[in-house]
Amino acid sequence: QVRRSARRRRAFARALVRPRLRRGVMPPRRPHGAVAPAGVDPTDLSFPADTLRTHHIPPDFDLVDQEGARIGTGDLKGNVTLMTAVYASCPHTCPLILTETKAALAALPPALAAEVQVFAITMDPTNDGREAMGALGDMHGMKAPQFRMLSGEPAHVESLLDKLGVARERDPETGVI
């Protein structure tokens, strides 16, 4: 069971990235000025599916999606779940994250895409309630149940993001995270 599960995760990872490289959706080379880690050939574009972290056990959580449904850790069981963090007033990066997420799912064969659910957790729980996250989802054509735009009590969301290792910092002058 565990081996089959690991193989399935690697297959999803390969299906998400390799076709996009071939179609030219993703840049075929490292960004200008990027430096490869020591001992890594910067021209090597092989996909490290065997070493990519595709499995992460999240802490317990209880959030609300854009439709008001309670979503928690139990909703992950038996599903392939892509988790990301965004916020409704994000001007640049978050729309790109959501657009790329939809493109990645569209690149999968329909049977595989149907097995993937996306949990987008707000990074601004004080300002992003159910309505704001719902509007963000609507703007990107992301509808439940496949796409869950999640918010909740600020202290709980902040704690969850910390436990998931989501780095964020608000610029005191602009308010941008």
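A 4.5 Å side-chain heavy-atom check between Val64 and Arg70 finds at least one atom pair inside the cut-off. For the pair Phe119/Leu76, a side-chain contact is recorded, criterion being any heavy-atom separation below 4.5 Å from C-beta on. At least one side-chain heavy atom of Ile121 sits under 4.5 Å from a side-chain heavy atom of Leu161. Taking 4.5 Å as the limit, some side-chain heavy atom of Leu164 sits within range of a side-chain heavy atom of Pro59. Looking only at side-chain heavy atoms (C-beta outward), Thr122 and Leu150 stay at 4.5 Å or farther from each other. You'll find the side chain of Lys102 reaches within 4.5 Å of the side chain of Phe147, heavy atoms only. Between Thr99 and His140 the shortest side-chain heavy-atom distance falls below 4.5 Å. Residues Thr81 and Val118 are not in side-chain contact: their nearest non-hydrogen atoms beyond the backbone lie 4.5 Å or more apart.
With rounding to the nearest 0.5 Å, the separation of OG in Ser159 from CG in Asp60 is 11.0 Å. Distance check, rounded to the nearest 0.5 Å: OG1 of Thr93 to CD1 of Ile177 gives 11.0 Å. Atom CD of Gln66 and atom CG of Asp138 lie 7.5 Å apart (nearest 0.5 Å). Between the CE atom in Met149 and the CD atom in Glu67 there is a gap of 12.0 Å [rounded to 0.5 Å]. Taking NZ from Lys77 and OG1 from Thr73, the interatomic distance works out to 9.5 Å, rounded to the nearest 0.5 Å. A distance of 7.0 Å separates CG of Leu82 from CG of Leu105, quoted to the nearest 0.5 Å.
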Task: Worked verdict on Val166 versus Thr84 for side-chain contact (heavy atoms from CB on, under 4.5 Å) - done: CA-CA 9 Å; Val166 176; Thr84 189; over 6 Å; no
- [ ] Please test Val86 against Met133 for side-chain contact (heavy atoms from CB on, under 4.5 Å), starting from the C-alpha separation and ending with a verdict.
- [x] CA-CA 9 Å; Val86 296; Met133 291 301 285; 4.1 Å; yes
TODO: Might you work through the salt bridge (charged side-chain N to carboxylate O under 4.0 Å, His left out) test for Arg148 and Asp75, ending with a clear yes or no?
DONE: CA-CA 11 Å; Arg148 302 287 187 167; Asp75 294 297; over 6 Å; no
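Paired with Glu158 under the rule side-chain contact (heavy atoms from CB on, under 4.5 Å), one option of Glu153, Met123, Arg168 passes, and it is Arg168.
Side-chain atoms of His156 do not come within 3.5 Å of backbone N or O of Leu63 as any donor-acceptor pair. In terms of modelled atom types and a separation under 3.5 Å, the side chain of Asp128 and the main chain of Ala88 share a donor-acceptor contact.
Classification of Arg130 and Asp65 as a salt-bridged pair fails, no side-chain N sitting under 4.0 Å from a carboxylate O.
Here the shortest heavy-atom pairing between Gly129 and Ser151 reads C-OG, 3.5 Å. Here the shortest heavy-atom pairing between Pro125 and Val157 reads CB-CB, 3.7 Å.
One hydrophobic cluster, built from ILVMFWY side chains closer than 4.5 Å, holds both Met83 and Ile71. Residues Met139 and Ile97 share a hydrophobic cluster, clusters being chains of Ile/Leu/Val/Met/Phe/Trp/Tyr side chains in contact below 4.5 Å.
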